[in-house]
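One-based numbering, in listed order, for ligands and for the atoms of each.
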Amino acid sequence: MKIYILFLIIILQSALVFGASRDPIKAKNGMVVSADPLATLAGLKILQQGGNAVDAAVAVGFALAVTYPQAGNIGGGGFMNIRFSDGKNYTIDYREKSPKSATQNMYLDSAGNYISDKSKFGYLAAGVPGAVAGMLLGLEKYGTLSREKVLQSAIQYAEKGFPLHYNLASYINSEKEIFEKFPSSKKIYIKKNGEPFLEDELFIQSDLAATLKRIVKNGRDGFYKGKTADLIVEEMNRGGGLISHDDLKSYKAKIRTAVTNKYRDYEIISLAPPSSGGTALIQLLNIVEGYNLKSMGHNSSQYIHRLTEAMRRVYSDRAEYLGDPDFVNVPLKWLLSKEYATERRNSIDTLRATPSQQIRNGVQPLQETTQTTHYSVVDKWGNCVSVTTTLNGGFGNYVVVDDAGFLLNNEMDDFSAKPGEPNMFGLIGGFANAIEPGKRMLSSMTPTIVLKNGKPFLVIGTPGGATIITTVFQIILNTTEFGMNIQEAIDAPRIHAQWLPDILLYEKNGLAVDVVNNLKSMGHTVVERKGTSGSAEGIMFDHKKGIIFGATDSRGYGAAVGY
Ligand code: GLY
């Protein structure tokens with residue numbers, strides 16, 4: 001740990017405020033918050049060099065691909081939500097797509113049974129990566145600095161190495177058995193002598209550095225054409241994967257219109273489909289807007305009952321209606337309307353749980369990994385960027401592209417491989433999210449910006465699979481209803497429910513025993529979850545005092561740094 005901290009201090013040099021304390025970090029000019037301290041510092045450096053929030057966000061994104069390989073990526077995808085201080089808002093969708101040769105039944109055996117491992121591990125699990133196209137689109141359209149400047153830290157971390165954080169070293173070691181299966185991954189993630197990686201050990205990724213340099217030199221063509229594309233296709237050919245040169249060449253990131261809505265005095269700006277995140281978040285807020293939540297008290301049984309009832313209804317809609325808008329007609333206007341929320345709220349019995357079976361049929365177990373990652377950035381001009389990106393599961397499909405040094409995603413698991421069957425997050429999908437060639441799989445990522453009186457109030461997001469939406473929802477309520485500061489709002493214990501399975505999950509020690517008992521007596525199946533729920537990275541503003549507050553989640557090992 002000492003070397004890791006020393007490394008941070010050396011790089012920090014000119015940063016005025018840095019911290020992992022439990023108070024929010026305060027700054028006047030700009031703030032970067034991400035799940036990895038070195039990636040946060042890459043963003044800060046760009047802000048201090050005069051770059052804007054988009055430049056810094058792209059620097060963080062590429063740095064995470066090096067220093068946080070469990071979720072940071074160039075082999076995955078994500079969503080970027082940008083709000084400029086002049087009021088203009090842009091969202092970029094760089095979600096992966098299914099390869100053109102993908103078929104609806106590709107994960108079913110001849111008897112029609114779903115072979116779930118096929119969509120989770122190895123070659124067939126990979127969608128066509130969108131991260132490089134999306135980040136470069138953001139940089140070219142809305143950034144101000146060169147690729148060379150913005151990727152400099154990422155290249156340095158890859159080429160010269162960085163000291164492994166204890167958590168990352170342990171995580172890599174714990175997955176040894178799976179990395180063993182793929183020779184290209186073994187080369188990077190298992191040491192030649194078979195010994196475990198140690199905390200503070202220098203982790204050098206020369207192949208990845210070369211790939212990043214090709215991106216600097218040739219832009220998106222440095223990834224989607226030429227040597228990198230050849231290496232991806234060769235890797236696919238070795239393992240029976242589907243991604244072709246044509247899939248790579250034709251991949252395009254898209255600028256989408258954000259979903260927006262009012263919640264009391266606040267304006268919510270979030271991601272439209274193919275993420276379900278913004279839509280579901282707004283639906284949840286619309287439903288609970290009709291209650292006096294504050295009077296119930298934070299995490300009281302009455303409060304949690306209402307949140308849970310809203311969640312089960314919204315996740316049932318998610319399963320039915322949401323998918324890639326380029327392929328299916330998503331009834332967004334109706335889903336986001338206050339009228340529909342009122343109808344949904346009126347169906348809630350304030351004293352009893354509604355069994356999810358009565359809302360729609362289906363039962364399955366919930367398994368969840370949380371390896372997505374979020375970062376939030378604000379610059380001295382007041383521009384805000386909120387980005388969530390993922391490989392899906394931790395280390396994606398576990399396949400490193402040989403000689404290119406990066407992991408591919410297992411995002412195909414976010415499709416409904418067999419409508420009605422759960423994915424790795426226990427989420428059920430309907431036909432709206434069935435596999436089709438060249439389609440984007442439905443996401444839950446919810447990079448969000450909240451305004452108050454037309455000015456930024458909150459920049460927020462989190463990993464957590466299905467829990468992403470409910471985590472962002474509760475953090476927004478913690479700040480807007482209960483007056484928590486950003487650190488308190490992020491650290492507060494969270495619950496999660498998602499229609500099916502019909503259970504209410506809470507974090508260890510997150511609810512008092514009498515609250516759990518009250519909820520049980522109302523008919524809820526209340527379960528203490530294994531592990532924690534999400535790992536949020538947020539920024540909050542006090543415009544009167546001219547202070548920007550940053551906070552990283554105590555559940556992770558990230559950093560908020562401002563100046
Ligand atoms: N793979 C997680 C998500 O996109 O929601």
Side-chain angles (χ1 to χ4, degrees), residues 35 61 64 68-81 91-98 116 119-121 125-131 134 253-254 256 259 270-281 284 311 314-315 318-319 322-325 330 366-375 386-398 407-417 422-429 432-433 435 439-448 460-473 496 498-499 533-536:
L64 285 168
Y68 199 77
Q70 60 269 51
N73 67 83
I74 53 173
F79 297 94
M80 185 182 293
N81 186 353
T91 61
I92 306 178
D93 160 8
Y94 45 103
R95 184 67 162 164
E96 300 92 324
K97 292 172 96 165
S98 63
S116 106
S119 65
K120 294 179 178 60
F121 302 104
V128 183
K254 287 199 159 185
R256 304 248 184 215
V259 286
S270 197
L271 259 295
S275 181
S276 62
T279 307
L281 172 68
L284 287 168
M311 288 171 190
V314 168
Y315 276 78
R318 180 193 188 279
L322 293 186
D324 182 348
V330 182
L366 178 81
Q367 299 158 7
E368 192 194 320
T369 64
T370 56
Q371 297 306 327
T372 294
T373 192
H374 179 85
Y375 44 104
S386 184
V387 181
T388 314
T389 182
T390 192
L391 289 166
N392 197 22
F395 302 110
N397 71 348
Y398 289 89
L407 284 155
L408 288 166
N409 64 83
N410 62 340
E411 219 70 63
M412 291 296 283
D413 192 60
D414 271 349
F415 277 117
S416 348
N423 72 358
M424 68 194 294
F425 305 116
L427 284 167
I428 282 194
N433 188 33
I435 303 172
K439 186 179 180 181
R440 285 162 152 91
M441 56 296 284
L442 187 62
S443 171
S444 296
M445 290 189 275
T446 315
T448 298
I460 190 73
T462 182
T467 68
I468 291 174
I469 300 161
T470 56
T471 294
V472 173
F473 173 50
H496 175 72
Q498 60 177 51
W499 172 53
S533 188
S535 191

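Protein heavy atom closest to atom 5 (O) of ligand 1, with residue, atom name and distance, is S444 N, 2.7 Å. Closest to atom 4 (O) of ligand 1 among all protein heavy atoms lies S443 OG, 2.7 Å. Looking only at heavy atoms of the protein, atom 2 (C) of ligand 1 is closest to D414 OD2, 3.3 Å.
Atoms of ligand 1 lying under 4.0 Å from any heavy atom of N392, numbered from 1 in the order shown and given with element: 1 (N), 2 (C). Atoms of ligand 1 found under 4.0 Å from any heavy atom of R95 (numbered from 1 in listed order, with element): 4 (O).
Between Y315 and H496, the ring planes lie perpendicular to each other; the angle is over 60°, past the 30° to 60° tilted range.
For M441, the closest heavy-atom approach to ligand 1 does not fall below 4.0 Å.
Across N397, D414, D413, N392, a single residue satisfies side-chain hydrogen bond (donor to acceptor under 3.5 Å, both in side chains) together with S119, and that is D413.
The residues D93 and R256 are annotated as salt-bridged, a charged nitrogen and a carboxylate oxygen being separated by less than 4.0 angstrom.
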Next item on the list: Carefully, step by step, assess R318 and W499 under the rule side-chain contact (heavy atoms from CB on, under 4.5 Å).
Entry: CA-CA 10 Å; R318 180 193 188 279; W499 172 53; over 6 Å; no

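Nearest heavy atoms, G130 versus Y94: O-CB, 3.2 Å.
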